[in-house]
> 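Structure in structure tokens, see below.
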Amino acid sequence: MTSEPAFKSEFLRLMQTRGYVHQITHPAELDAACLAGPIVAYIGFDATASSLHVGHMIQIMMLKRLQQAGHKPVVLMGGGTTKVGDPTDKDSQRPLLTDAQIQENIDSIQAVFRRFLVFGDGPSDAVMVNNAEWLDRFGYVQFLRDYGVHFTINRMLSFDSVKNRLDREQPMTFLEFNYMLMQSVDFLELERRYGCVLQMGGSDQWGNIVNGVELIRRVDAKPAFGLTTPLLSTASGQKMGKSVGGAVWLNADMRSPYDYWQFWRNTEDADVGRFMRLFTDLPLEEIARLEGLEGAQINEAKKVLANAATTLLHGEAAAQAAEAAAVAAFEQGQLSTDLPSFEIPRADLDAGVVLAALAVDAGLATSRGEARRLAQGGGLRVNDKAETDANRTLDASDLVDGVVKLSAGKKKIVLVRPV
RNA sequence: GGGGGAAUGUCCCGAGUGGCAAAGGGGGCGGACUGUAAAUCCGCUGGCGUACGCCUUCGUAGGUUCGAGUCCUACUUCCCCCA
């Protein structure tokens with residue numbers, strides 16, 4: 001924990017007051033460096049899925065803050081490191097992705113950054129790099145000679161990412177064991193290419209980051225710093241990032257803007273202020289006022305949070321549409337065309353569809369059995385009426401204003417639309 | 001190299017006498033209460049079938065048995081002791 005409140009540089013002050021800072025390697029030195037002129041900093045993202053999720057938002061926002069303070073952000077795509085797989089926080093090894101899958105993921109992830117950062121060649125313009133550029137080129141022996149000498153097994157074994165795996169009696173392969181070196185080499189490479197002096201990341205990355213800092217200081221005798229964010233959990237102690245229906249992806253084709261808006265709207269009372277500081281550009285005074293709202297009024301603050309966060313990612317129009325749909329659905333009990341929808345061939349509907357099967361197809365349940373159980377528990381609704389028999393057949397007579405409103409629980413709603 | 005122990009519902013932890021779809025937690029999902037919050041209480045939590053039911057699950061592969069998570073053999077990984 002860093003307790004020194006008196007940062008002089010705009011960047012660190014911003015980071016501190018908005019709640020991004022957990023640990024910093026050399027706080028005073030870094031502060032001085034930020035004050036002296038624009039610095040270059042990076043955060044790495046692995047390409048394990050075709051989209052990033054809300055759990056990555058804090059990192060993306062940090063890069064944005066960095067740019068806001070006049071510094072240069074580097075987005076590092078882990079094309080090379082993903083081939084090895086970061087063992088941090090994992091119980092066992094994940095299946096290895098193919099080069100083609102990784103490249104596909106990278107292509108699909110990239111777009112999100114353009115919404116948050118300005119890319120270009122200027123001094124504070126963001127740059128995107130793929131560490132496959134250098135990691136892929138190393139020969140094994142060369143890699144060992146150049147970098148292996150700077151790492152001791154004794155030290156590596158002491159890092160949490162390794163220790164956890166050993167403590168849990170789970171195997172850790174030599175491949176994964178090397179991840180740490182590769183991440184350190186990334187930092188060094190970025191230092192050489194761009195003069196990058198700072199690596200940021202989640203608190204679980206501390207070990208990996210510190211290694212890179214030490215490598216640079218040792219090999220190139222240059223200053224290097226690390227900064228980590230607190231582990232984000234909700235006020236009631238849950239890991240942040242999941243919501244009704246699984247991971248909250250950032251790509252619109254994987255999670256609709258409406259769902260994204262809902263995710264923020266469902267924030268716990270106690271988290272509203274913290275999340276507004278971290279995930280929106282709202283001024284601090286405004287946030288202080290909003291988070292001070294009492295009782296049910298804090299719901300207004302949640303809407304502000306949802307609007308601001310959704311606007312950053314999906315744009316203002318999408319945010320407004322999401323809000324309108326939510327207000328209509330939750331506050332007025334009406335339908336809105338902006339609610340998520342599912343299309344079904346008209347002929348199928350005319351022939352009759354089993355409710356359980358439809359619920360599965362529409363994504364409200366993962367199996368018919370689950371849909372049936374959901375119905376028995378009173379959680380499945382057709383046009384707002386609880387339907388306990390999931391075996392009943394729906395047909396055209398169930399259409400209301402041209403759609404069937406299907407809901408699982410109070411928050412998952414899908415409009416079934418015949419086409 | 002020798003000896004002893006461990007791996008369980010593929011989210012996690014964890015009980016399990018040869019008859020087990022397998023105790024109990026946590027988590028997740030639903031319901032009630034509220035404010036689309038938290039806390040609390042209740043229900044559900046392998047797949048398929050309307051259903052007596054069928055199928056797939058206890059590290060991997062074989063075997064004994066009417067029947068195996070439970071017994072035997074080999075293998076894999078991990079832990080402990082001796083060398």
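Within every chain, numbering begins at 1; the chains are lettered A, B, ... in the order of the sequence lines, protein sequences first and strands thereafter.
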> Take atom C1' in B/rA22 and the same atom in B/rA68, then report the distance between them in whole Å.
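That atom pair is separated by 13 Å.
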> Which ring pair (Phe, Tyr, Trp, His ring centres under 6.0 Å) pairs, counting each pair once, include a residue from residues 323-371 of chain A, with sequence neighbours left out?
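Applying ring pair (Phe, Tyr, Trp, His ring centres under 6.0 Å) to every pair that reaches into residues 323-371 of chain A, excluding sequence neighbours, yields nothing.
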> Which donor-acceptor pairs under 3.5 Å do side chains of residues 137-144 of chain A form with protein atoms, sequence neighbours excluded?
unit_1: A/Arg137; atom_1: NH1; unit_2: A/Glu133; atom_2: O; d: 3.0
unit_1: A/Gln142; atom_1: NE2; unit_2: A/Asp146; atom_2: OD2; d: 3.3

> What residues form a side-chain hydrogen bond (donor to acceptor under 3.5 Å, both in side chains) with A/Arg114, not counting sequence neighbours?
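Scan of A/Arg114 (side-chain hydrogen bond (donor to acceptor under 3.5 Å, both in side chains), adjacent residues dropped) gives none.
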> What nitrogen or oxygen pairs link the protein and nucleotides 53-56 of chain B at under 3.5 Å?
none

> Taking only the side-chain nitrogens and oxygens of A/Lys410, find out if one of them lies under 4.0 Å from OP1 or OP2 of B/rA32.
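Yes, A/Lys410 has a side-chain N/O under 4.0 Å of OP1/OP2 on B/rA32.
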> Can you list every pair that meets salt bridge (Lys or Arg N to Asp or Glu O under 4.0 Å) and has a residue in residues 98-113 of chain A, with sequence neighbours left out?
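Listed once each, the pairs are A/Lys83-A/Asp99.
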> Reckon A/Lys411 has a side-chain N or O less than 4.0 Å from the OP1 or OP2 of B/rA37?
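Looking at the OP1 and OP2 atoms of B/rA37, one of them is under 4.0 Å from a side-chain N or O of A/Lys411.
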> Is a donor on one side and an acceptor on the other found under 3.5 Å between the side chain of A/Asn251 and the backbone of A/Ser50?
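Yes; at least one donor-acceptor contact below 3.5 Å.
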> Within the 4.0 Å limit for protein heavy atoms, which parts of nucleotides 43-48 of chain B are touched? Write it as a string from 5' to 3', B for base, S for sugar-phosphate only, - for none.
-SS-SS
> Contact class for A/Arg392 (heavy atom, under 4.0 Å): base, sugar-phosphate, or nothing?
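Since no nucleic acid heavy atom lies under 4.0 Å of A/Arg392, the category is nothing.
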> With A/Arg289, which residues qualify under salt bridge (Lys or Arg N to Asp or Glu O under 4.0 Å), at least two apart?
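Per chain and number, A/Arg289 pairs via salt bridge (Lys or Arg N to Asp or Glu O under 4.0 Å) with A/Glu286.
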> Mind checking A/Ile298 for me? I need base, sugar-phosphate or nothing, with any heavy atom below 4.0 Å counting as a touch.
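Base contact - A/Ile298 has a heavy atom under 4.0 Å of at least one base atom.
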> So which nucleotide does B/rA6 pair with, by the Watson-Crick or G-U wobble rule with both distances under 3.5 Å?
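When the pairing criteria are applied, B/rU77 turns out to be the nucleotide that pairs with B/rA6.
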> Sequence neighbours excluded, which residues qualify as side chain to side chain contact (heavy atoms under 4.5 Å, CB included) partners of A/Ala111?
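Once residues adjacent in sequence are excluded, A/Ala111 has no partner under the side chain to side chain contact (heavy atoms under 4.5 Å, CB included) criterion.
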> With both distances kept under 3.5 Å, what pairs with B/rC41, Watson-Crick or G-U wobble?
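B/rG31 is the nucleotide pairing with B/rC41.
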> So what's B/rG69 paired with, Watson-Crick or G-U wobble, going by both distances under 3.5 Å?
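Pairing partner: none.
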> Would you classify A/Asp269 as touching base, sugar-phosphate or nothing, given that sugar-phosphate means primed atoms plus P, OP1 and OP2, and contacts are heavy atoms under 4.0 Å?
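Base, at least one base atom sits under 4.0 Å.
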> Taking B/rG26 as the reference, what is the distance to B/rU45 when you measure between their P atoms (whole Å, please)?
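Per the computed distance, 16 Å lies between those P atoms.
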> For residues 299-328 of chain A, which residues have at least one heavy atom under 4.0 Å from RNA chain B?
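Heavy-atom contacts with RNA chain B come from A/Asn299, A/Lys302, A/Ala326.
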> Kindly write out the residues that satisfy side-chain hydrogen bond (donor to acceptor under 3.5 Å, both in side chains) with A/Arg115, not counting sequence neighbours, or none if the list is empty.
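With neighbours one apart ignored, the set is empty.
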> Do A/Thr280 and A/Phe275 touch side chain to side chain, with heavy atoms closer than 4.5 Å?
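Contact flag for A/Thr280/A/Phe275 side chains = no.
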> Not counting sequence neighbours, list each pair that qualifies as a ring pair (Phe, Tyr, Trp, His ring centres under 6.0 Å) and has a residue in residues 281-319 of chain A.
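Every pair satisfying ring pair (Phe, Tyr, Trp, His ring centres under 6.0 Å) with a residue in residues 281-319 of chain A: A/Tyr260-A/His314.
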> Looking at residues at least two apart in the chain, or sitting in another chain, which of them share a ring pair (Phe, Tyr, Trp, His ring centres under 6.0 Å) with A/Tyr42?
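A/Tyr42: ring pair (Phe, Tyr, Trp, His ring centres under 6.0 Å) contacts with A/Phe187.
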